[in-house]
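Note that these values count all heavy atoms, side chains included, but never hydrogens, waters or copies made by symmetry. Note on naming: letters A, B, ... go to the chains in the order of the sequence lines (proteins, then strands), and numbering restarts at 1 for each one.
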Number of protein chains: 2
Amino acid sequence: MKNSTQKQPRSLVHFKNICQEAGVKCTQQRMKIYSELIQNPNHPDAETVYKKVKKQLANISLDTVYRTLWLFKDMRLITTIGPSRERTRFDPNLNPHHHFICTKCGLILDFNSEQMDTLDIQESLKAIGTVGSLQVQGICRGCEINDKIISD
Amino acid sequence: MKNSTQKQPRSLVHFKNICQEAGVKCTQQRMKIYSELIQNPNHPDAETVYKKVKKQLANISLDTVYRTLWLFKDMRLITTIGPSRERTRFDPNLNPHHHFICTKCGLILDFNSEQMDTLDIQESLKAIGTVGSLQVQGICRGCEINDKIISD
DNA sequence: TTGGCTGCAAAACTTTTGCATGAGT
DNA sequence: ACTCATGCAAAAGTTTTGCAGCCAA
């Protein structure tokens, strides 16, 4: 399967095109799942997407939802939040610090940053809740090197 | 069980005291598990802790590790990274943005912050990997209100 | 001594996979 | 028509729970 690297609008309009370019079929299930994602602001998990889509496609199966979500991720149509397919990670360090999280391999590194410590938490964020630590999500050096080797 | 709110050094020295204050027993299993956590810089998951501790306490069971880790979290001896006991969450928004993640209820909200967008990524962080999005971990307003009601 | 803690085993829950059928191109 | 995608069912994997015996206080 080809990876589609271009960004696309968050709408169904071009969904068919995107599928064509990626060389995958544009099925009812895939359309409804993508549609649900762009309408749901809550960053749902697979189960939640399943329950919602099931109202429109009564006999869709949960495994199709899982397969479709990971397919979308491969296509770069969506992203995932936090380390990929990970379980809860535990941290005994109670001192203020930040985390670098590799979304590919799940590596988590502590780091300190005066700049981030002294961030002026903007008013809009204060309204959402009380801010604890910061996490920087990215791809670690090791995974970058691996990717390069594979794509060469 | 009483919650211990004071910070404690990341060492075993005061572990017994901490247990006493929290009104829980200081067992072999709990000591080894805490010891493993403070020696492991990789923010391990439950399974990883289990494998390590098993080398010293041959017949410790995985369920004890789970129970102990959540106990430590209740005692505020450790924290967890990312939304609590959560599954992977999916995000169709490919535009640059940040997330507020409530570690209590799992709420995830998008937000934008010019200040965070223009953060000078420090050299030490660049060395770790390529930075993508930022996540602010905290407690959302709703959970704060709930907590207050419960503790009143 | 005694109540909380543990290990065991089983249950509950989540996610993935093989395969025959069905749908999109 | 041809092939990929789906639903089903089962497997694999992860986390929680009930209970009887054990151990720290």
- For nucleotides 18-25 of chain C, just jot down a letter per nucleotide in 5' to 3' order: B, S or -, based on protein non-hydrogen atoms under 4.0 Å. B----BBS

[X] [atom1] - [N] [atom2] separation (whole Å):
| X | N | atom1 | atom2 | answer |
| --- | --- | --- | --- | --- |
| B:Asn59 | C:dC5 | CG | P | 18 Å |
| A:Leu71 | D:dC4 | CG | P | 13 Å |
| B:Tyr66 | C:dT14 | OH | P | 13 Å |
| A:Leu62 | C:dA12 | CG | P | 19 Å |
| B:Ile33 | C:dG7 | CD1 | C1' | 13 Å |
| A:Lys32 | D:dT6 | NZ | P | 14 Å |
| B:Leu69 | D:dT16 | CG | P | 10 Å |
| B:Met31 | C:dC5 | CE | P | 14 Å |

- Strictly below 4.0 Å, heavy-atom distances to any atom of DNA chain D: list the hits from residues 42-57 of chain A, or just say none.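 By residue number: none to list.
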
- Message: Base, sugar-phosphate or nothing for B:Ile60? Non-hydrogen atoms, less than 4.0 Å.
- Response: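 Result for B:Ile60 = sugar-phosphate.
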
- Task: Indicate whether OP1 or OP2 belonging to C:dT16 is found under 4.0 Å from a side-chain N or O atom of A:Trp70.
- Result: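 Checking C:dT16 against A:Trp70, a side-chain N or O does come within under 4.0 Å of OP1 or OP2.
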
- Does the side chain of A:Ser61 get closer than 4.0 angstrom to OP1 or OP2 of D:dT6 through an N or O atom?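 No, outside the criterion.
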
Heavy-atom check, side chain of [X] versus side chain of [Y], under 4.5 Å:
| X | Y | answer |
| --- | --- | --- |
| B:Thr64 | B:Arg67 | yes |
| A:Lys104 | A:Cys140 | no |
| B:Thr79 | B:Lys73 | no |
| A:Ile33 | A:Val49 | yes |
| A:Leu77 | A:Phe15 | yes |
| B:His97 | B:Asp91 | yes |

- Kindly assign one of parallel, tilted or perpendicular to the pair B:His43 and A:His99, based on the angle between their ring planes and the thresholds 30° and 60°.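 B:His43 and A:His99: perpendicular rings.
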
- Message: Checking contacts here: which listed nucleotide (C:dT14, D:dT15, D:dG7) is nearest the side-chain heavy atoms of B:Arg87?
- Response: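 Given the options C:dT14, D:dT15, D:dG7, the side chain of B:Arg87 is closest to C:dT14.
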
- Query: Rounded to the nearest 0.5 Å, what separation is found between the CD atom of A:Gln135 and the CD1 atom of A:Ile101?
  - Reply: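 So the CD of A:Gln135 and the CD1 of A:Ile101 are separated by 4.0 Å.
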
- Query: Transitively linked via ILVMFWY side-chain contacts under 4.5 Å: B:Met75 with B:Val65?
  - Reply: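 The answer is yes; both residues are in one hydrophobic cluster.
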
